Amino acid sequence: MNWVVFAILALLALTAVTVARLRQLWAAVMFTGIYSFLSASWMMILDAPDVAFTEAAVGAGISTVLMLSTLALTGEQEQPTKRSPIVPLLVVLVTGGALIYGTLDMPHYGDPNAVVHQHPDPSFVERSLDDMHGLPNVVTALLASYRGYDTLGETTVVLTAGIAVLLILRRDEMERPAIANRAKRRRRKANA
Amino acid sequence: MIKFPIIRVITKLLIPYILLFAFYVQFHGDYGPGGGFQAGVIFASALILYGLVFGLDAIKRVAPPIVIEKLMAIGVLVYAGTGFATMMLGGNFLDYDVLEHSFNHKYLPGGQHLGIFLVEVGVGITVTSVMTMIFYAFASRSRFV
């Protein structure tokens, strides 16, 4: 099992470097799809099938389609940069170093003494089967019941994002045939 | 629209199973892995696949934008409405325990199960329609589809 983890992580790193180096945007979009599939497989290894579903459907499926349709609107070739890459490289190195320094304080993977496994005592894992009257999926119970407010907020965020995309990208006469027809009818009535 | 017959036939074969899997993830989410968000994106990806292969006009006949844009808000309303229903029945907002003895037990699950079910349906509706609507917004601007 260990070598599978190493192979997937190595492939993830390779794909990320390839995406950064590619100038052909069409190929880069395909590589981001591959990256999403690899992360979905890795999440399966981490026993998170919910996240793997989402990653495979959104990351590899929907966002790849949206990127491709964006490329159809813009262009397939990235313009070569003229400025020197030293300052961005420095920013990336400092940020990456800070992030790695931050992970040093984190508990080890699966550590039973980690704070998240100690805090609600008895933990949700032990409580939920009784609280939920026998629903076995703790993840769903946490998301929809214990943390119901949060999920309501998240759903509202999804709605807000959709509205924002529509406000920016929508073309009225194509998307709203009903309103266009109503306007046409009104105009016809005014003429008659 | 794609003219290759193999892609069209395989897509037609696959779409019912993708939709069925989306429903399974939605309604089995209380027992197995999954839930509203996962089911929503899987359902939307089936719709988007149909749109990619058979064209924007075909998918707009199946899922008219005027309906989809209403569903975006209806999903959130179902979620928040569940919360208000529990308040009407005398509990706190989204306190599903008060649903336990309020409905016919023969046909409906009770309590937490019913609450989680309704809430997940709301999430699923919103996510499906938002993803489909974003696809419409992108695709109707480009000649990609």
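Computed from a prediction, not measured in an experiment: that's the story for all the values here. In what follows, every chain begins at residue 1, and chains take the letters A, B, ... in the order their sequences are listed.
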Measure A/Val158 against the heavy atoms of chain B and call it side chain, backbone, both or neither at under 4.5 Å. both
Keeping B/Asp30 on the side-chain end and A/Thr140 on the backbone end, is there a donor-acceptor pair under 3.5 Å? no
Counting heavy-atom pairs under 4.5 Å with chain A, the top scorer among B/Gly35, B/Gly32, B/Gly75 is B/Gly32
Verify, without hydrogens or angle tests, whether B/Tyr79 (side chain) and A/Gly148 (backbone) share a donor-acceptor contact under 3.5 angstrom. yes
Spell out, as yes or no, whether a donor-acceptor pair under 3.5 Å connects the side chain of A/Asp50 to the backbone of B/Pro33. no
What part of B/Met72 gets closer than 4.5 Å to chain A, counting heavy atoms only: side chain, backbone, both or neither? both
Residues in residues 31-43 of chain A that sit under 4.5 Å from chain B, counting heavy atoms only: none
Here the gap from A/Thr155 atom OG1 to B/Leu77 atom CG, rounded to the nearest 0.5 Å, amounts to 12.0 Å
Is the CG atom of A/Leu93 crowded by more than 12 outside heavy atoms at less than 6.0 Å? yes
Heavy-atom nearest pair, B/Val130 first then A/Gly162, reads CG1-CA, 3.7 Å
Given that the side chain runs from C-beta out, which part of B/Ile134 has a heavy atom under 4.5 Å from chain A: side chain, backbone, both or neither? both
Is there a path of hydrophobic side-chain contacts, each under 4.5 Å between heavy atoms of I, L, V, M, F, W or Y residues, that connects A/Met44 with A/Val139? no
Could you report the tightest heavy-atom contact between B/Ala137 and A/Leu166, atom names first, then the distance? CB-CD2, 4.0 Å
Nearest 0.5 angstrom please: A/Leu169 CG to B/Met133 CE, how far? 11.0 Å
Most heavy-atom pairs under 4.5 angstrom with chain B, which of A/Val165, A/Leu152, A/Thr156? A/Leu152
Does the plane of the ring in B/Phe93 sit parallel, tilted or perpendicular to the ring in A/Tyr149? Use 30° and 60° as the thresholds. parallel
Taking side chain as everything from C-beta outward and backbone as N, CA, C, O, which of these in A/Leu71 sits under 4.5 Å from a heavy atom of chain B? Side chain, backbone, both or neither. neither
Does A/Val157 share a hydrophobic cluster with B/Ile74, counting links as ILVMFWY side-chain heavy atoms below 4.5 Å and allowing steps through other members? no
Choice from A/Thr151, A/Val58, A/Leu143 maximising heavy atom contacts with chain B below 4.5 Å: A/Thr151
Cut-off 4.5 Å, heavy atoms of chain A, and the answer for B/Asp97 is side chain
Shared hydrophobic cluster, B/Leu13 / B/Ile48 (ILVMFWY, side-chain heavy atoms < 4.5 Å): no
Kindly work out whether a path of hydrophobic side-chain contacts (I/L/V/M/F/W/Y, heavy atoms less than 4.5 Å apart) joins B/Ile15 to B/Phe4. yes
With rounding to the nearest 0.5 Å, note down the distance linking CD1 in A/Ile62 to CG in B/Leu49. 11.0 Å
More than 12 heavy atoms from other groups under 6.0 Å of CD1 on B/Ile6: no
More than 12 foreign heavy atoms under 6.0 Å from CE of A/Met30: is that the case here? yes
Can you measure from OG (A/Ser145) to NE2 (B/His113) and round to the nearest 0.5 angstrom? 12.0 Å
According to a 4.5 Å side-chain heavy-atom criterion applied to Ile, Leu, Val, Met, Phe, Trp and Tyr, with indirect links allowed, do B/Val41 and B/Leu19 form part of one hydrophobic cluster? yes
Which atoms of B/Phe21 approach chain A - backbone, side chain, both or neither, heavy atom under 4.5 Å: side chain
Interface moiety of B/Val123 toward chain A, non-hydrogen atoms closer than 4.5 Å: both
Determine the minimum heavy-atom distance between A/Asn137 and B/Gly29, stating which atoms define it. ND2-O, 2.9 Å
Is the side chain of B/Thr126 donor-acceptor paired with the backbone N or O of A/Leu159 at a distance under 3.5 Å, no angle test? no
I need the B/Phe138 CZ to A/Thr70 OG1 distance, nearest 0.5 Å. 4.0 Å
So, for B/Tyr96 and A/Ala144, which heavy atoms are closest and what is the spacing to 0.1 Å? OH-O, 2.6 Å
